[in-house]
Amino acid sequence: MRRLAWLVGLAMAAVAGLAVARASTSAIAAQEPQTRPTFRATTDVVAVDVSVRDGRRAITGLTAPDFRLTDNGVPQTITDVSYGRLPIDVSVVLDVSDSVTGPLLDQLRTAIRQLMSDMGADDRLRLIHFNMRVARVVDLTNDASAVDRAITQVRAGGGSSIYDAAAVALVSASAAPADRRQLIVLFSDGNDSTSFSTPRSLLQVAQRTNASMTFVLPDTLVTFTTRIAVSSQAMRLAPYERVARETGGAIYRSSQNLTPTFRRALEEFRSSYVLHFTPQGVERSGDHVLDVTVPRDDGYTIRARRGYFGG
Amino acid sequence: MLTAPDAERLPSAILRRVDDVRELYEAASAHPRVAGEARLREAWLLHRAARHAEALALLEPPTPAPGAPVDPVVAYLGHLFRGRVLDTLDRPADAAAAFREALAIAPAAQSARIGLMTVLLRQGDRRGAELQAEAVQVPASSIDPFWLYWIGDYRHYPAMVQQLREHVR
(Lines give C-alpha, C1' and ligand atoms only; values in the text may rest on other atoms or scores of the structure.)
Protein backbone atom coordinates (compact mmCIF):
# COMPACT_ATOMS: atom_id res chain seq x y z
CA MET A 1 0.00 0.00 0.00
CA ARG A 2 2.83 2.37 0.80
CA ARG A 3 4.37 1.61 -2.58
CA LEU A 4 1.10 2.39 -4.33
CA ALA A 5 0.84 5.66 -2.45
CA TRP A 6 4.20 6.91 -3.63
CA LEU A 7 3.56 5.74 -7.16
CA VAL A 8 0.36 7.76 -7.33
CA GLY A 9 2.11 10.73 -5.76
CA LEU A 10 4.88 10.37 -8.30
CA ALA A 11 2.44 10.37 -11.18
CA MET A 12 0.71 13.48 -9.89
CA ALA A 13 3.97 15.31 -9.38
CA ALA A 14 5.15 14.26 -12.81
CA VAL A 15 2.14 15.74 -14.51
CA ALA A 16 2.85 19.05 -12.80
CA GLY A 17 6.54 18.89 -13.63
CA LEU A 18 6.08 17.92 -17.24
CA ALA A 19 3.61 20.70 -17.82
CA VAL A 20 6.71 22.84 -17.85
CA ALA A 21 8.28 20.58 -20.44
CA ARG A 22 5.19 20.82 -22.61
CA ALA A 23 5.21 24.59 -22.40
CA SER A 24 8.74 24.55 -23.71
CA THR A 25 9.03 21.69 -26.14
CA SER A 26 12.28 23.07 -27.46
CA ALA A 27 15.41 21.96 -25.73
CA ILE A 28 15.99 23.18 -22.22
CA ALA A 29 19.67 23.88 -21.88
CA ALA A 30 21.37 21.15 -19.91
CA GLN A 31 23.05 22.48 -16.81
CA GLU A 32 26.55 21.12 -16.51
CA PRO A 33 28.41 21.44 -13.25
CA GLN A 34 31.44 23.66 -13.25
CA THR A 35 34.48 22.54 -11.36
CA ARG A 36 35.81 19.61 -9.40
CA PRO A 37 39.25 18.20 -8.80
CA THR A 38 40.60 15.59 -11.16
CA PHE A 39 40.65 11.88 -10.46
CA ARG A 40 43.60 10.50 -8.60
CA ALA A 41 43.64 7.29 -10.61
CA THR A 42 46.92 6.60 -12.30
CA THR A 43 48.73 3.48 -13.32
CA ASP A 44 52.11 5.00 -12.46
CA VAL A 45 51.64 3.99 -8.84
CA VAL A 46 48.79 1.75 -7.80
CA ALA A 47 47.46 1.74 -4.24
CA VAL A 48 45.66 -1.36 -3.01
CA ASP A 49 43.75 -1.59 0.27
CA VAL A 50 44.36 -4.98 1.89
CA SER A 51 42.66 -6.29 5.00
CA VAL A 52 44.42 -9.21 6.74
CA ARG A 53 42.48 -10.79 9.56
CA ASP A 54 42.42 -13.90 11.69
CA GLY A 55 38.73 -14.18 12.35
CA ARG A 56 37.77 -10.67 13.39
CA ARG A 57 41.26 -9.88 14.72
CA ALA A 58 43.37 -7.62 12.53
CA ILE A 59 46.86 -8.91 11.78
CA THR A 60 49.27 -6.06 12.36
CA GLY A 61 52.98 -5.55 11.86
CA LEU A 62 53.24 -6.94 8.33
CA THR A 63 55.80 -5.45 5.99
CA ALA A 64 56.33 -5.54 2.23
CA PRO A 65 58.14 -8.91 2.15
CA ASP A 66 55.18 -10.51 3.94
CA PHE A 67 52.92 -9.88 0.96
CA ARG A 68 52.86 -11.43 -2.49
CA LEU A 69 51.09 -9.31 -5.12
CA THR A 70 50.55 -10.18 -8.77
CA ASP A 71 49.19 -7.94 -11.52
CA ASN A 72 47.71 -9.97 -14.38
CA GLY A 73 49.67 -12.90 -13.03
CA VAL A 74 53.01 -11.06 -12.98
CA PRO A 75 54.66 -10.72 -9.52
CA GLN A 76 55.14 -7.08 -8.53
CA THR A 77 57.53 -5.28 -6.20
CA ILE A 78 55.71 -3.59 -3.36
CA THR A 79 57.41 -0.22 -2.88
CA ASP A 80 55.55 0.96 0.21
CA VAL A 81 53.23 -0.40 2.87
CA SER A 82 51.24 1.90 5.08
CA TYR A 83 49.09 0.97 8.03
CA GLY A 84 46.96 3.52 9.82
CA ARG A 85 48.91 6.46 8.40
CA LEU A 86 46.61 7.80 5.72
CA PRO A 87 43.47 9.81 6.56
CA ILE A 88 40.14 8.33 5.57
CA ASP A 89 37.23 9.83 3.67
CA VAL A 90 34.02 7.98 4.47
CA SER A 91 31.07 8.39 2.14
CA VAL A 92 27.94 7.26 3.93
CA VAL A 93 25.22 6.50 1.41
CA LEU A 94 21.82 6.17 3.04
CA ASP A 95 18.64 4.68 1.70
CA VAL A 96 15.84 7.02 2.76
CA SER A 97 13.10 5.34 0.71
CA ASP A 98 9.73 4.55 2.25
CA SER A 99 10.91 1.19 3.54
CA VAL A 100 13.45 2.87 5.84
CA THR A 101 11.31 4.61 8.41
CA GLY A 102 10.56 4.74 12.12
CA PRO A 103 12.98 2.93 14.44
CA LEU A 104 15.25 1.96 11.56
CA LEU A 105 15.71 5.59 10.57
CA ASP A 106 16.39 6.49 14.20
CA GLN A 107 19.02 3.75 14.35
CA LEU A 108 20.69 5.15 11.27
CA ARG A 109 20.87 8.61 12.78
CA THR A 110 22.45 7.19 15.92
CA ALA A 111 24.90 5.07 13.95
CA ILE A 112 26.12 8.01 11.86
CA ARG A 113 26.57 10.21 14.92
CA GLN A 114 28.70 7.49 16.48
CA LEU A 115 30.63 6.98 13.28
CA MET A 116 31.41 10.67 13.15
CA SER A 117 32.73 10.61 16.70
CA ASP A 118 34.90 7.56 15.92
CA MET A 119 36.66 9.28 13.07
CA GLY A 120 40.15 10.68 13.40
CA ALA A 121 40.96 14.38 13.36
CA ASP A 122 42.01 14.25 9.71
CA ASP A 123 39.21 11.95 8.58
CA ARG A 124 36.19 13.34 6.79
CA LEU A 125 32.63 12.24 6.18
CA ARG A 126 30.34 12.81 3.22
CA LEU A 127 26.63 12.08 3.45
CA ILE A 128 24.61 11.04 0.43
CA HIS A 129 20.91 10.24 0.58
CA PHE A 130 18.88 8.38 -1.93
CA ASN A 131 15.36 7.31 -2.52
CA MET A 132 14.56 7.49 -6.22
CA ARG A 133 16.87 10.49 -6.48
CA VAL A 134 20.46 10.58 -5.31
CA ALA A 135 21.44 13.74 -3.43
CA ARG A 136 24.53 14.76 -1.51
CA VAL A 137 23.46 16.50 1.67
CA VAL A 138 26.88 17.03 3.27
CA ASP A 139 30.14 17.14 1.36
CA LEU A 140 33.39 15.92 2.89
CA THR A 141 33.73 17.47 6.31
CA ASN A 142 34.93 16.82 9.83
CA ASP A 143 32.31 19.20 11.20
CA ALA A 144 30.19 16.91 13.39
CA SER A 145 27.51 19.55 13.88
CA ALA A 146 26.95 19.87 10.12
CA VAL A 147 26.51 16.12 9.83
CA ASP A 148 24.23 16.08 12.85
CA ARG A 149 22.01 18.81 11.43
CA ALA A 150 21.74 16.93 8.15
CA ILE A 151 20.81 13.58 9.65
CA THR A 152 18.27 15.21 11.95
CA GLN A 153 16.49 16.55 8.88
CA VAL A 154 16.34 13.22 7.08
CA ARG A 155 12.83 12.32 5.98
CA ALA A 156 12.10 9.00 4.32
CA GLY A 157 9.84 8.29 1.35
CA GLY A 158 9.73 7.12 -2.25
CA GLY A 159 11.36 4.35 -4.25
CA SER A 160 14.93 3.17 -4.06
CA SER A 161 17.73 3.73 -6.61
CA ILE A 162 20.45 1.70 -4.92
CA TYR A 163 22.55 0.94 -7.99
CA ASP A 164 22.45 4.57 -9.11
CA ALA A 165 23.48 5.78 -5.65
CA ALA A 166 26.33 3.29 -5.45
CA ALA A 167 27.62 4.25 -8.90
CA VAL A 168 27.52 7.96 -8.14
CA ALA A 169 29.27 7.47 -4.79
CA LEU A 170 32.03 5.41 -6.42
CA VAL A 171 32.71 8.02 -9.09
CA SER A 172 32.63 10.89 -6.60
CA ALA A 173 34.96 9.15 -4.15
CA SER A 174 37.50 8.42 -6.84
CA ALA A 175 38.05 12.13 -7.34
CA ALA A 176 39.83 12.39 -4.01
CA PRO A 177 43.58 13.05 -3.68
CA ALA A 178 45.82 9.98 -3.69
CA ASP A 179 46.93 10.56 -0.11
CA ARG A 180 43.47 9.89 1.28
CA ARG A 181 41.79 6.50 1.51
CA GLN A 182 38.21 6.15 0.32
CA LEU A 183 35.58 4.06 2.07
CA ILE A 184 31.95 3.99 1.01
CA VAL A 185 29.39 2.56 3.42
CA LEU A 186 26.02 2.06 1.79
CA PHE A 187 22.98 1.21 3.86
CA SER A 188 19.83 -0.10 2.21
CA ASP A 189 17.04 -2.59 2.61
CA GLY A 190 18.40 -4.24 -0.51
CA ASN A 191 15.54 -3.83 -2.94
CA ASP A 192 16.31 -1.62 -5.89
CA SER A 193 13.21 -0.31 -7.63
CA THR A 194 14.07 2.74 -9.73
CA SER A 195 17.72 2.71 -10.85
CA PHE A 196 18.74 3.23 -14.45
CA SER A 197 22.03 1.56 -13.57
CA THR A 198 22.03 -2.21 -13.77
CA PRO A 199 24.08 -4.67 -11.74
CA ARG A 200 26.41 -5.02 -14.72
CA SER A 201 26.91 -1.29 -15.25
CA LEU A 202 27.47 -0.80 -11.52
CA LEU A 203 30.15 -3.46 -11.59
CA GLN A 204 31.82 -1.71 -14.53
CA VAL A 205 31.88 1.51 -12.50
CA ALA A 206 33.32 -0.33 -9.50
CA GLN A 207 36.11 -1.78 -11.66
CA ARG A 208 37.08 1.65 -12.98
CA THR A 209 37.08 3.56 -9.70
CA ASN A 210 39.19 3.39 -6.57
CA ALA A 211 37.02 3.37 -3.47
CA SER A 212 36.31 0.37 -1.26
CA MET A 213 32.57 -0.22 -1.04
CA THR A 214 30.91 -1.87 1.94
CA PHE A 215 27.21 -2.60 2.19
CA VAL A 216 25.18 -2.69 5.38
CA LEU A 217 22.00 -4.61 4.68
CA PRO A 218 19.38 -5.53 7.26
CA ASP A 219 18.66 -9.13 8.14
CA THR A 220 15.09 -8.83 6.96
CA LEU A 221 15.96 -10.41 3.65
CA VAL A 222 17.03 -13.62 5.38
CA THR A 223 13.65 -14.17 7.01
CA PHE A 224 12.24 -15.76 3.86
CA THR A 225 11.61 -19.45 4.32
CA THR A 226 10.50 -20.81 0.98
CA ARG A 227 13.02 -22.03 -1.57
CA ILE A 228 11.81 -19.52 -4.12
CA ALA A 229 12.18 -16.65 -1.72
CA VAL A 230 15.67 -17.72 -0.72
CA SER A 231 16.63 -17.90 -4.37
CA SER A 232 15.19 -14.46 -4.90
CA GLN A 233 17.13 -13.16 -1.93
CA ALA A 234 20.35 -14.62 -3.30
CA MET A 235 19.70 -12.92 -6.62
CA ARG A 236 19.09 -9.62 -4.88
CA LEU A 237 22.27 -9.86 -2.85
CA ALA A 238 24.48 -10.99 -5.73
CA PRO A 239 25.09 -7.52 -7.25
CA TYR A 240 26.20 -6.13 -3.88
CA GLU A 241 28.43 -9.11 -3.20
CA ARG A 242 30.14 -8.68 -6.57
CA VAL A 243 30.78 -4.97 -6.03
CA ALA A 244 32.04 -5.50 -2.48
CA ARG A 245 34.36 -8.29 -3.63
CA GLU A 246 35.64 -6.29 -6.59
CA THR A 247 36.46 -3.23 -4.48
CA GLY A 248 37.85 -5.03 -1.45
CA GLY A 249 34.78 -4.14 0.58
CA ALA A 250 32.41 -6.26 2.62
CA ILE A 251 28.78 -6.98 3.29
CA TYR A 252 27.45 -6.75 6.82
CA ARG A 253 23.98 -7.91 7.78
CA SER A 254 22.30 -6.29 10.71
CA SER A 255 18.85 -5.28 11.82
CA GLN A 256 19.22 -5.19 15.57
CA ASN A 257 21.61 -2.36 16.18
CA LEU A 258 23.29 -0.57 13.33
CA THR A 259 25.78 1.38 15.41
CA PRO A 260 28.24 -1.50 16.00
CA THR A 261 27.95 -2.48 12.35
CA PHE A 262 28.90 0.97 11.09
CA ARG A 263 31.74 1.11 13.64
CA ARG A 264 32.98 -2.28 12.49
CA ALA A 265 32.98 -1.15 8.85
CA LEU A 266 35.17 1.83 9.71
CA GLU A 267 37.42 -0.08 12.08
CA GLU A 268 38.09 -2.91 9.64
CA PHE A 269 38.92 -0.42 6.93
CA ARG A 270 41.16 1.57 9.25
CA SER A 271 42.99 -1.56 10.36
CA SER A 272 43.97 -2.57 6.86
CA TYR A 273 47.12 -2.03 4.85
CA VAL A 274 47.71 0.07 1.76
CA LEU A 275 50.19 -1.52 -0.61
CA HIS A 276 51.82 0.63 -3.28
CA PHE A 277 53.46 -0.70 -6.40
CA THR A 278 54.46 0.48 -9.86
CA PRO A 279 53.25 -2.06 -12.41
CA GLN A 280 56.10 -3.86 -14.14
CA GLY A 281 55.96 -6.37 -16.98
CA VAL A 282 52.32 -5.70 -17.85
CA GLU A 283 50.53 -3.49 -20.33
CA ARG A 284 49.49 -0.24 -18.67
CA SER A 285 46.09 -0.02 -20.38
CA GLY A 286 43.10 -2.29 -20.01
CA ASP A 287 41.88 -4.57 -17.28
CA HIS A 288 44.31 -5.62 -14.57
CA VAL A 289 43.56 -8.52 -12.27
CA LEU A 290 45.19 -8.28 -8.85
CA ASP A 291 45.92 -11.10 -6.45
CA VAL A 292 47.26 -10.45 -2.96
CA THR A 293 48.36 -13.18 -0.57
CA VAL A 294 50.31 -13.49 2.67
CA PRO A 295 52.31 -16.65 2.00
CA ARG A 296 53.44 -17.20 5.57
CA ASP A 297 49.96 -18.11 6.75
CA ASP A 298 47.13 -19.44 4.64
CA GLY A 299 44.73 -19.25 7.55
CA TYR A 300 44.36 -15.50 7.31
CA THR A 301 41.36 -13.93 5.66
CA ILE A 302 42.62 -11.48 3.09
CA ARG A 303 40.36 -8.96 1.48
CA ALA A 304 41.66 -6.74 -1.29
CA ARG A 305 40.53 -5.06 -4.46
CA ARG A 306 40.34 -7.59 -7.30
CA GLY A 307 41.73 -5.34 -9.97
CA TYR A 308 41.89 -1.95 -11.61
CA PHE A 309 41.52 -0.46 -15.03
CA GLY A 310 44.53 1.19 -16.61
CA GLY A 311 43.49 4.17 -18.71
CA MET B 1 3.83 -5.10 -13.41
CA LEU B 2 7.48 -5.61 -14.20
CA THR B 3 9.51 -4.05 -11.50
CA ALA B 4 12.20 -1.96 -12.92
CA PRO B 5 15.72 -2.86 -13.47
CA ASP B 6 15.82 -5.42 -10.70
CA ALA B 7 17.06 -7.93 -13.20
CA GLU B 8 18.83 -7.15 -16.42
CA ARG B 9 17.49 -10.13 -18.28
CA LEU B 10 13.91 -11.22 -18.50
CA PRO B 11 12.91 -14.50 -16.87
CA SER B 12 12.81 -17.41 -19.29
CA ALA B 13 9.03 -17.73 -18.99
CA ILE B 14 8.68 -14.21 -20.31
CA LEU B 15 11.38 -14.65 -22.93
CA ARG B 16 9.35 -17.47 -24.49
CA ARG B 17 6.46 -15.08 -25.00
CA VAL B 18 8.29 -12.02 -26.24
CA ASP B 19 6.90 -12.36 -29.75
CA ASP B 20 3.36 -12.66 -28.41
CA VAL B 21 3.81 -9.43 -26.49
CA ARG B 22 5.46 -7.85 -29.50
CA GLU B 23 2.36 -8.53 -31.61
CA LEU B 24 0.24 -6.71 -29.07
CA TYR B 25 2.55 -3.71 -29.09
CA GLU B 26 2.47 -3.66 -32.88
CA ALA B 27 -1.32 -3.72 -32.81
CA ALA B 28 -1.22 -0.76 -30.43
CA SER B 29 1.15 1.03 -32.80
CA ALA B 30 -1.69 1.29 -35.31
CA HIS B 31 -3.28 3.92 -33.07
CA PRO B 32 -1.54 7.25 -33.69
CA ARG B 33 -2.20 8.58 -30.19
CA VAL B 34 -0.22 5.78 -28.52
CA ALA B 35 2.00 4.60 -31.38
CA GLY B 36 5.11 6.32 -30.04
CA GLU B 37 4.78 4.82 -26.61
CA ALA B 38 3.93 1.37 -28.00
CA ARG B 39 7.11 1.38 -30.11
CA LEU B 40 9.10 2.55 -27.12
CA ARG B 41 7.82 -0.26 -24.91
CA GLU B 42 8.30 -2.81 -27.63
CA ALA B 43 11.89 -1.64 -28.04
CA TRP B 44 12.61 -1.89 -24.32
CA LEU B 45 11.14 -5.39 -24.24
CA LEU B 46 13.34 -6.45 -27.15
CA HIS B 47 16.39 -4.89 -25.53
CA ARG B 48 15.74 -6.81 -22.35
CA ALA B 49 15.34 -9.95 -24.43
CA ALA B 50 18.85 -9.24 -25.84
CA ARG B 51 17.45 -8.44 -29.32
CA HIS B 52 19.28 -5.14 -29.42
CA ALA B 53 19.40 -4.53 -33.18
CA GLU B 54 15.64 -4.93 -33.42
CA ALA B 55 15.20 -2.62 -30.44
CA LEU B 56 17.40 0.02 -32.00
CA ALA B 57 15.45 -0.08 -35.25
CA LEU B 58 12.31 0.81 -33.32
CA LEU B 59 13.97 3.67 -31.47
CA GLU B 60 15.25 5.61 -34.45
CA PRO B 61 14.35 7.89 -35.94
CA PRO B 62 11.98 9.15 -33.23
CA THR B 63 10.04 11.39 -35.63
CA PRO B 64 6.43 11.92 -34.58
CA ALA B 65 3.72 11.85 -37.22
CA PRO B 66 2.67 15.31 -38.48
CA GLY B 67 0.13 16.80 -36.12
CA ALA B 68 0.68 14.12 -33.51
CA PRO B 69 1.06 15.50 -29.97
CA VAL B 70 4.59 15.52 -28.60
CA ASP B 71 4.72 13.65 -25.32
CA PRO B 72 7.88 14.79 -23.50
CA VAL B 73 7.97 11.59 -21.44
CA VAL B 74 8.01 9.44 -24.57
CA ALA B 75 10.52 11.74 -26.26
CA TYR B 76 12.86 11.58 -23.26
CA LEU B 77 12.55 7.83 -22.89
CA GLY B 78 13.18 7.33 -26.59
CA HIS B 79 16.58 8.98 -26.33
CA LEU B 80 17.32 7.33 -23.00
CA PHE B 81 16.58 3.83 -24.22
CA ARG B 82 18.45 4.45 -27.47
CA GLY B 83 21.44 5.42 -25.35
CA ARG B 84 21.21 2.21 -23.36
CA VAL B 85 20.84 0.04 -26.48
CA LEU B 86 23.72 1.78 -28.25
CA ASP B 87 25.88 1.33 -25.18
CA THR B 88 25.03 -2.36 -25.13
CA LEU B 89 25.99 -2.55 -28.81
CA ASP B 90 29.37 -1.07 -27.86
CA ARG B 91 28.79 2.26 -29.57
CA PRO B 92 29.72 4.51 -26.65
CA ALA B 93 30.04 7.79 -28.59
CA ASP B 94 26.57 7.35 -30.07
CA ALA B 95 25.24 6.31 -26.67
CA ALA B 96 26.66 9.44 -25.05
CA ALA B 97 25.06 11.58 -27.76
CA ALA B 98 21.68 9.92 -27.15
CA PHE B 99 21.93 10.50 -23.39
CA ARG B 100 22.77 14.15 -24.04
CA GLU B 101 19.69 14.45 -26.25
CA ALA B 102 17.59 13.07 -23.40
CA LEU B 103 19.14 15.59 -21.01
CA ALA B 104 18.27 18.38 -23.42
CA ILE B 105 14.61 17.52 -22.81
CA ALA B 106 14.88 16.98 -19.05
CA PRO B 107 18.12 18.50 -17.72
CA ALA B 108 17.53 17.41 -14.11
CA ALA B 109 16.67 13.81 -14.97
CA GLN B 110 18.89 11.38 -13.13
CA SER B 111 18.65 8.40 -15.46
CA ALA B 112 20.26 9.93 -18.55
CA ARG B 113 22.96 11.55 -16.46
CA ILE B 114 23.76 8.20 -14.85
CA GLY B 115 23.87 6.62 -18.29
CA LEU B 116 26.17 9.35 -19.56
CA MET B 117 28.38 9.11 -16.47
CA THR B 118 28.85 5.38 -16.95
CA VAL B 119 29.61 5.66 -20.66
CA LEU B 120 32.15 8.44 -20.08
CA LEU B 121 33.87 6.42 -17.39
CA ARG B 122 34.12 3.40 -19.67
CA GLN B 123 35.56 5.64 -22.38
CA GLY B 124 38.28 6.74 -19.98
CA ASP B 125 36.87 10.26 -19.52
CA ARG B 126 37.07 10.27 -15.74
CA ARG B 127 36.71 14.01 -15.43
CA GLY B 128 33.60 13.98 -17.58
CA ALA B 129 32.15 11.15 -15.50
CA GLU B 130 32.84 13.02 -12.32
CA LEU B 131 31.10 16.13 -13.61
CA GLN B 132 28.01 14.04 -14.29
CA ALA B 133 28.20 12.48 -10.81
CA GLU B 134 28.33 15.98 -9.34
CA ALA B 135 25.30 17.07 -11.36
CA VAL B 136 23.32 14.03 -10.23
CA GLN B 137 23.82 14.96 -6.58
CA VAL B 138 22.43 18.47 -6.87
CA PRO B 139 19.08 18.38 -5.08
CA ALA B 140 16.17 18.71 -7.51
CA SER B 141 12.45 18.37 -7.11
CA SER B 142 11.55 17.44 -10.66
CA ILE B 143 10.54 13.93 -11.63
CA ASP B 144 12.70 11.74 -13.82
CA PRO B 145 10.52 10.42 -16.67
CA PHE B 146 12.24 7.05 -16.31
CA TRP B 147 10.56 6.59 -12.94
CA LEU B 148 7.22 6.90 -14.73
CA TYR B 149 7.90 4.12 -17.21
CA TRP B 150 7.05 1.42 -14.71
CA ILE B 151 3.71 2.92 -13.74
CA GLY B 152 2.22 2.90 -17.20
CA ASP B 153 -0.24 5.65 -17.98
CA TYR B 154 -0.56 7.05 -14.47
CA ARG B 155 0.81 10.30 -15.73
CA HIS B 156 -2.41 10.78 -17.68
CA TYR B 157 -4.72 10.15 -14.70
CA PRO B 158 -5.17 13.78 -13.60
CA ALA B 159 -6.18 14.75 -17.14
CA MET B 160 -8.53 11.77 -17.35
CA VAL B 161 -10.14 12.69 -14.02
CA GLN B 162 -10.55 16.25 -15.22
CA GLN B 163 -12.23 15.05 -18.42
CA LEU B 164 -14.61 12.85 -16.45
CA ARG B 165 -15.55 15.77 -14.23
CA GLU B 166 -16.32 17.89 -17.26
CA HIS B 167 -18.52 15.15 -18.72
CA VAL B 168 -20.46 14.87 -15.46
CA ARG B 169 -21.24 18.60 -15.38
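The sequence lines fix the lettering, A, B, ..., with proteins before strands; numbering per chain opens at 1. Below, all heavy atoms of this structure are taken into account, side chains as well, without hydrogens, waters or symmetry copies.
- Heavy-atom minimum distance, B:Ala133 versus A:Val171: CB-CG1, 3.8 Å.
- Looking at B:Gln110 and A:Ser197, their side chains never come closer than 4.5 Å, going by heavy atoms from C-beta outward.
- Put simply, the side chain of B:Asp144 does not reach to within 4.5 Å of the side chain of A:Met132, judged on heavy atoms.
- Contact annotation for B:Ala140: both backbone and side-chain heavy atoms come within less than 4.5 Å of a heavy atom of chain A.
- Contact of the B:Met117 side chain with the A:Asp164 side chain is not registered, since no non-hydrogen atoms from C-beta on lie closer than 4.5 Å.
- In this structure, A:Glu283 places its CD atom where only 12 or fewer heavy-atom neighbours from other residues, nucleotides or ligands lie under 6.0 Å away.
- For the atom pair B:Thr118 OG1 and A:Arg200 CZ, the distance stands at 12.0 Å (nearest 0.5 Å).
- Taking the six-membered ring for Trp and thresholds of 30 and 60 degrees, A:Phe196 and B:Phe99 have ring planes more than 60 degrees apart, a perpendicular arrangement.
- Remark: the backbone N or O of A:Ile128 is not paired with any side-chain donor or acceptor of B:Gln137 at under 3.5 angstrom.
- In this structure a side-chain-to-backbone donor-acceptor pair under 3.5 Å is missing from A:Arg133 to B:Ser141.
- Here the side chain of B:Arg126 pairs a donor or acceptor atom with the backbone of A:Arg208 at under 3.5 angstrom.
- Here the OG atom belonging to A:Ser193 is positioned 11.0 Å from the CH2 atom belonging to B:Trp150, to the nearest 0.5 angstrom.
- In terms of heavy atoms, B:Trp147 sits closest to A:Ser161 at NE1-OG, 4.3 Å.
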